[in-house]
Enquirer: 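Below is a structure I'd like to ask you about.
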There are 2 protein chains.
Amino acid sequence: MPRPREFDESRVLLAIRDEFWDKGYAATSMDDLLRVSGLGKGSLYGAFGDKRSLFLRVLRDYDDANLLALRERQVSAARGIDVVREFVLGLTGDPTGAVARRGCLLANSNAELSASTPDVAAEARRSYDAIATVLTAALERAQSEGDLDPDIDPSETARAALVAQLGLIALGRTGMDIEALAVVAQSALARLLPTPAQ
Amino acid sequence: MPRPREFDESRVLLAIRDEFWDKGYAATSMDDLLRVSGLGKGSLYGAFGDKRSLFLRVLRDYDDANLLALRERQVSAARGIDVVREFVLGLTGDPTGAVARRGCLLANSNAELSASTPDVAAEARRSYDAIATVLTAALERAQSEGDLDPDIDPSETARAALVAQLGLIALGRTGMDIEALAVVAQSALARLLPTPAQ
DNA sequence: CCTATTGTGGCCCATTCGGTCCAGAACTTG
DNA sequence: CAAGTTCTGGACCGAATGGGCCACAATAGG
């Protein structure tokens, strides 16, 4: 009965996500979002509500996608240890450094907004908890596969891996040399995952 | 000959720093800054220039003060290892968690602005480099004092300590339970500074 | 083919933004 | 005490902000 949407919702959300990601929440205007989405005001407000709701929607989608990808890696990876390794080193995979410079939408948003927007802080807690849970499973798997000292606490190490990744994200966002960042990431990883006692 | 300033410059800069710290750069208006500083527009613009210059000034002062405090600790601390310990655990010292929730002005600003404001990214690189240098000296001292395995690379470990602190800052800013954060910080520190081989 | 319903885009608005400017105040020097 | 210089606060500005609104378009059901 109703007239159908003329735009691709997920494409629009990705374009808007990129805009928020590049400029930050406060520095992104509704005009920017209208431009990158190609929609008119009525359409955008009608579909997603105001700027804040739209942002939270985009942030949640982003987190869900990241978490899903991590879970899929945990299922498909040859070894549990590889999941953690890739989690920590991921940022340094792009040799141009663009990925490192961009950082993480959640980390950026949390730094900008957690003090003024409780929803963002809550979203970050939720997301980091879920990540730690998956990493814990990956580390338990690594122990059973003989790739990790059985004496270490997987849950503790998972949190430490999360801290390491967050630190690398923060450091990478300074725009420092990507090769230097890769060296730091390697040494952070080495401290995290000592080879099991023979 | 000139009429003297009627306000205390450093007090005004601290009030403005707090405002930027709590709200972020973009979300802080000049009206906010006039209110917390108690000055009129002519005075504020005359003394510090526009919003951007004022922010960069505040950020540099903040970094300089932090770096100076770290250097002083390196001089006054009983042991080099204590400097690194306090550097990593510092955030968790406040049992109310307010310090952890607030995070670090530089880290917050870098996350919000480094992509759009090269000066902020450059300031972050400069500051983190200087911190790593002081931490390296502290770790070398720790080695000579027998508190750290002589085989480890002090410079590498200094970078890893910086990454750990940045990660803890990011995690603390989510507003998670401060005691849980302290546990994570302890385990991150333990991975960073293994007791020297006996 | 007509009507009901929803999508669409842009016009419009009040508010707030960062920044300029200026008239008068305050102080130092001669 | 007079002159010169800087400081001070607020009036003022044009532009941009987030958001409301509405006339019209397009579709589905009768």
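Within every chain, numbering begins at 1; the chains are lettered A, B, ... in the order of the sequence lines, protein sequences first and strands thereafter. Below, all heavy atoms of this structure are taken into account, side chains as well, without hydrogens, waters or symmetry copies.
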Enquirer: Flag the pair Asp119(A) and Arg126(A) as a salt bridge only when some basic side-chain nitrogen lies within less than 4.0 angstrom of an acidic carboxylate oxygen.
Expert: no
Enquirer: Strictly by ring-ring contact (aromatic ring centres under 6.0 Å, His included), give each pair with a member in residues 58-88 of chain A just once, sequence neighbours left out.
Expert: Trp21(A)-Tyr62(A)
Enquirer: With a 4.0 Å cut-off, would you call Lys23(A) and Asp18(A) a salt bridge?
Expert: no
Enquirer: Is there a side chain to side chain contact (heavy atoms under 4.5 Å, CB included) between Met30(A) and Tyr45(A) once you walk through the steps?
Expert: CA-CA 10 Å; Met30(A) 289 303 292; Tyr45(A) 273 88; 3.6 Å; yes
Enquirer: Measuring to OP1 and OP2 of dT16(C), would you say a side-chain N or O of Ser29(B) lies under 4.0 angstrom away?
Expert: no
Enquirer: Whole-Å distance between dT16(C) P and Asp32(B) CG?
Expert: 12 Å
Enquirer: Tell me whether Asp94(A) is salt-bridged to Arg101(A), with the criterion being a basic N under 4.0 Å from an acidic carboxylate O.
Expert: no
Enquirer: Distance check needed: dA15(D) C1' versus Asp31(A) CG, whole Å only.
Expert: 12 Å
Enquirer: In whole angstroms, how far is the P atom of dT16(C) from the NZ atom of Lys51(B)?
Expert: 15 Å
Enquirer: Thr157(A) and Arg191(B): side-chain donor and acceptor closer than 3.5 Å?
Expert: yes
Enquirer: Are the charged groups of Arg102(B) and Asp22(B) less than 4.0 angstrom apart, N to O?
Expert: yes
Enquirer: Using five base pairs at each end, measure the axis-to-axis angle across the helix from dC1(C)-dG30(D) to dG30(C)-dC1(D) and round it to 10 degrees.
Expert: 10°
Enquirer: Between Arg79(B) and Asp82(B), does any side-chain N to carboxylate O distance fall below 4.0 Å?
Expert: no
Enquirer: What's the CG-P distance between Leu34(A) and dA16(D), to the nearest Å?
Expert: 15 Å
Enquirer: Is it true that Ser155(A) and Asp153(A) share a donor-acceptor pair across their side chains at a distance under 3.5 Å?
Expert: no
Enquirer: What is the separation between atom CZ on Phe48(B) and atom P on dG18(C), rounded to the nearest whole Å?
Expert: 17 Å
Enquirer: Rounded to whole Å, please give me the gap between CE in Met30(B) and C1' in dC13(D).
Expert: 16 Å
Enquirer: Return the residues of residues 35-47 of chain B meeting this criterion: a heavy atom under 4.0 Å from some atom of DNA chain D. Order them by number, or give none.
Expert: Leu39(B), Gly40(B), Lys41(B), Gly42(B), Ser43(B)
Enquirer: Atom CG of Leu33(B) to atom P of dG9(D): distance rounded to whole Å?
Expert: 15 Å
Enquirer: Between Asp50(A) (CG) and dC21(D) (P), how many Å, whole number?
Expert: 14 Å
